[in-house]
Amino acid sequence: MRILQLHCDYVEFTPVKKEIKSAEDIDPQTKRLEEIVVAFIAVEEGDNSEVAKKAMSEISESMKKIGCKRLLLYPYAHLSSKLASPSMALSVLKEMESNIHDLEIYRAPFGWTKSYNLKVKGHPLAENSKTITAGEEKESTSEALKAESKIQSFWHIMTTDGKLHDVSSFNFSKHENLEVLAKYEAAKKRSVDEPPPHVKLMKKLAIADYEPASDAGNMRFFPNGRLMKSLIERYVTDKVVEYGGLEVETPIMYDSHHPSMESYFHRFPARQYNVNSEGKQLFLRFAACFGQFLMAKDFQMSYKNLPLKLYELTRYSFRREQSGELVGLRRLRAFTMPDCHAMCKDMEQAKQEFRKRFDLSKEVIKGLGLVESDYEMAIRFTEEFYTNNKSLIEELVQKHGKPVLVEMWKERFFYFVLKWEFNYIDNLGKASALSTDQIDVENGERYNIEFIDENNKPQHPIILHNSPSGAIERVLYVLLEKAAKDQKEGQKPMFPLWLAPTQIRIIPVKPEFLDYCNNLADKLTENNIRVDVDDRNESVGKSIRDAETEWIRYILVIGEKEINATMLSVRDRKEKDPRNLTIEQLISEIKEENKGKPFLRMNMNRSVAKRPQIMV
RNA sequence: GCCUCGAUAGCUCAGCCUGGUAGAGCGAACGCCUCGUAAGCGUUAGGCCGCGGGAUCGAAUCCCGCUCGAGGCUCCA
């Protein structure tokens with residue numbers, strides 16, 4: 001059975017003519033009802049009296065929440081494509097009608113073409129749809145999800161002097177990406193008809209690919225991609241630990257009926273993967289929050305321990321995003337999310353910590369190879385928070401150093417009062433969030449996390465939710481899109497050196513120089529450089545071409561000249577002409593460039609000839 | 001969820017409109033060449049033309065249905 005439930009100021013309907021033979025015999029008068037919940041209902045194949053009972057208890061429960069006592073059952077075939085027979089449908093509807101006693105109930109006639117007219121109320125719970133089937137649990141659409149679109153937002157641009165400007169009158173001429181973001185967010189619309197360029201690149205460079213045997217949005221990562229992910233993960237984790245985060249690990253699935261989860265679901269719109277096991281209804285986490293909050297609840301904390309920062313890099317978090325929005329690495333259903341929560345004793349401490357994490361996020365983004373013109377900041381808050389904390393918000397915008405998109409909510413609907421994020425604008429004008437942080441004033445209580453304050457009283461902490469980089473897969477997407485942009489502008493695309501799967505390729509002019517090449521590669525490897533040797537029996541030209549198409553930064557061609565001298569001929573992707581360097585000079589140049597970044601060994605056979613061909 | 005497009009060799013695709021022996025490039029295997037900064041040459045192997053039905057003497061090609069995939073829209077703390 002499918003139900004669309006609307007809370008209305010009024011509804012009017014007029015039976016026009018009988019649509020089927022078995023239509024009810026009634027007096028075709030116009031009927032008007034006020035202050036009423038209208039339930040449009042399609043009875044489907046297999047629906048029975050159990051379904052009727054379930055449906056009525058669902059409906060009356062939600063009506064209790066919105067404080068309405070009048071109900072109209074309205075037969076509405078168009079909600080389903082596998083309708084029950086008319087006689088069955090009518091009997092199920094009649095059963096629903098007779099099943100309820102504490103509501104004033106009406107039913108529109110069955111089998112008639114009707115004209116109708118109604119006015120839906122504007123509040124968050126006014127609209128609701130349900131699917132009810134016999135036997136198994138119904139799959140409900142989160143009411144929060146429905147309600148979200150109802151929140152009233154006011155959009156502005158804040159300049160670094162703290163002034164708010166109207167989006168429509170702001171001069172975006174020097175801030176094109178911000179304009180894209182503002183339009184993208186406020187209008188939530190953008191039409192493009194080509195795939196984003198990173199999709200081709202992720203395959204061509206043997207980083208990642210779709211896995212048709214899995215669910216959409218669950219990618220496979222080839223050795224190159226796995227290496228790059230590992231490096232980014234290591235880097236972000238190092239940075240968070242340096243900041244004071246304590247790394248933990250928590251389960252990836254949770255009981256949907258755990259009390260904290262149930263209430264979180266109502267508040268937090270998300271489409272989760274569900275897993276049934278031995279009668280338990282489990283869901284796959286869509287954030288690290290659950291695990292960390294449940295863990296923090298079991299800590300005994302004093303105000304002296306705060307702020308306490310827990311960190312987890314979730315491999316994976318899962319969200320069952322709508323199939324249509326899954327494109328390449330931009331948005332996935334399984335993703336790796338660094339997530340750092342800080343429990344703070346009060347708003348003052350929270351604000352102080354919030355500043356630190358803003359700096360941390362900026363630093364991490366920079367380390368990943370993005371410059372400030374690559375991303376745009378958006379900041380969102382409730383009107384009340386803004387009024388009381390103007391200086392914090394202005395300070396963040398000033399630190400960002402350029403105008404910021406502002407979304408202000410009249411009332412708090414989410415669990416947070418303040419949130420910012422950095423958005424990357426890709427080649428198709430799509431915005432995706434990278435770093436983000438939030439001030440959460442609700443979940444401390446929901447999860448019953450407590451600390452003892454100066455007066456020996458238990459208190460709930462304010463919790464900050466920070467991801468300094470955003471999803472790791474999304475970082476890859478951004479790096480690829482950025483490289484594609486460089487390519488489009490006529491520059492050679494490349495990765496930051498510390499992330500390049502191969503940093504140096506050695507190409508012998510003849511096979512007899514292979515031993516020399518391998519010795520050279522040994523020496524470079526000892527110095528934490530990822531180096532491989534093209535030992536295929538190919539022409540030098542071909543080998544160089546292949547190395548270039550793999551975006552390899554340094555190419556060393558080894559022939560008689562190099563073997564008989566100390567200078568290497570170094571082809572540097574960043575330079576036009578080859579340079580002559582000693583091996584020591586080359587090593588120290590690379591070390592200097594990779595300073596402060598993690599190192600992992602090559603994740604491919606050194607011998608190019610021994611590699612399988614992953615992507616052309 | 002809605003709309004559009006697609007599915008042919010390991011990969012990228014042509015052939016389809018106008019029905020009549022299944023094509024190319026890359027890659028792979030084998031051989032030749034032994035090479036100095038972006039593609040050296042040759043030979044060979046490799047196909048249930050997504051699945052099911054229909055009309056036809058005959059279907060990769062036309063029609064219908066299905067499956068899977070992709071892209072867009074919607075949505076996105």
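In this text the structure is predicted, and so the values were computed from the model without any measurement. A note on names: the letters A, B, ... follow the listed sequences, proteins ahead of strands, and every chain is numbered from 1.
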Side-chain donor-acceptor pairs under 3.5 Å in residues 327-340 of chain A, sequence neighbours left out?
{"from": "A:R330", "atom 1": "NH1", "to": "A:D426", "atom 2": "OD2", "distance (Å)": "2.6"}
{"from": "A:R331", "atom 1": "NE", "to": "A:E325", "atom 2": "OE1", "distance (Å)": "3.4"}
{"from": "A:R333", "atom 1": "NE", "to": "A:E321", "atom 2": "O", "distance (Å)": "2.8"}
{"from": "A:R333", "atom 1": "NH1", "to": "A:D215", "atom 2": "OD1", "distance (Å)": "3.2"}
{"from": "A:R333", "atom 1": "NH1", "to": "A:D215", "atom 2": "OD2", "distance (Å)": "2.8"}
{"from": "A:R333", "atom 1": "NH2", "to": "A:E321", "atom 2": "O", "distance (Å)": "2.6"}
{"from": "A:T336", "atom 1": "OG1", "to": "A:K229", "atom 2": "NZ", "distance (Å)": "3.1"}
{"from": "A:T336", "atom 1": "OG1", "to": "A:E473", "atom 2": "OE2", "distance (Å)": "2.7"}
{"from": "A:D339", "atom 1": "OD2", "to": "A:A288", "atom 2": "N", "distance (Å)": "3.4"}

> Which ranges of RNA chain B pair up as stems, where a stem means three or more consecutive Watson-Crick or G-U pairs with both distances under 3.5 Å?
Replying inline: B:1-7 with B:67-73, B:10-13 with B:23-26, B:28-32 with B:40-44, B:50-54 with B:62-66
Can you list everything that forms a side-chain hydrogen bond (donor to acceptor under 3.5 Å, both in side chains) with [X]? Sequence neighbours excluded, please.
X	value
A:Q503	none
A:N580	none
A:R545	none
A:T436	none

>> My understanding is that only residues two or more places apart in sequence, or in another chain, count here; which of them pass ring pair (Phe, Tyr, Trp, His ring centres under 6.0 Å) with A:Y254?
In response: A:F290
> Residues two or more places apart in sequence or in another chain: which of them pass ring pair (Phe, Tyr, Trp, His ring centres under 6.0 Å) with A:Y554?
Replying inline: none
> Contact class for A:I552 (heavy atom, under 4.0 Å): base, sugar-phosphate, or nothing?
Replying inline: nothing
> Contact class for A:R330 vs. all strands (heavy atom < 4.0 Å): base, sugar-phosphate, or nothing?
Replying inline: sugar-phosphate
> Quick one: salt bridge (charged side-chain N to carboxylate O under 4.0 Å, His left out) partners of A:K492, sequence neighbours excluded?
Replying inline: A:E548
>> Going by the rule salt bridge (charged side-chain N to carboxylate O under 4.0 Å, His left out), which residues pair with A:E560 if we only count those two or more places apart in sequence or in a different chain?
In response: none
>> Closest-nucleotide mapping onto RNA chain B: is A:T549 or A:A216 further toward the 5' terminus? I mean the 5' end.
In response: A:T549
Set out, line by line, the N/O atom pairs under 3.5 Å between protein and nucleotides 30-37 of chain B.
{"from": "B:C33", "atom 1": "N4", "to": "A:N537", "atom 2": "ND2", "distance (Å)": "2.6"}
{"from": "B:U34", "atom 1": "O4", "to": "A:N537", "atom 2": "ND2", "distance (Å)": "3.3"}
{"from": "B:C35", "atom 1": "OP2", "to": "A:K510", "atom 2": "NZ", "distance (Å)": "2.6"}
{"from": "B:C35", "atom 1": "N4", "to": "A:N537", "atom 2": "OD1", "distance (Å)": "3.1"}
{"from": "B:G36", "atom 1": "O6", "to": "A:E560", "atom 2": "N", "distance (Å)": "2.6"}
{"from": "B:G36", "atom 1": "O6", "to": "A:K561", "atom 2": "N", "distance (Å)": "3.1"}
{"from": "B:G36", "atom 1": "N1", "to": "A:E562", "atom 2": "OE1", "distance (Å)": "2.8"}
{"from": "B:G36", "atom 1": "N2", "to": "A:E562", "atom 2": "OE1", "distance (Å)": "3.1"}
{"from": "B:G36", "atom 1": "N2", "to": "A:E562", "atom 2": "OE2", "distance (Å)": "2.5"}
{"from": "B:U37", "atom 1": "O3'", "to": "A:R571", "atom 2": "NH1", "distance (Å)": "3.1"}
{"from": "B:U37", "atom 1": "O2'", "to": "A:R571", "atom 2": "NH1", "distance (Å)": "2.9"}
{"from": "B:U37", "atom 1": "O4", "to": "A:S569", "atom 2": "OG", "distance (Å)": "2.6"}

Pull out every protein N or O sitting under 3.5 Å from an N or O of nucleotides 3-8 of chain B, one pair per line with the distance.
none

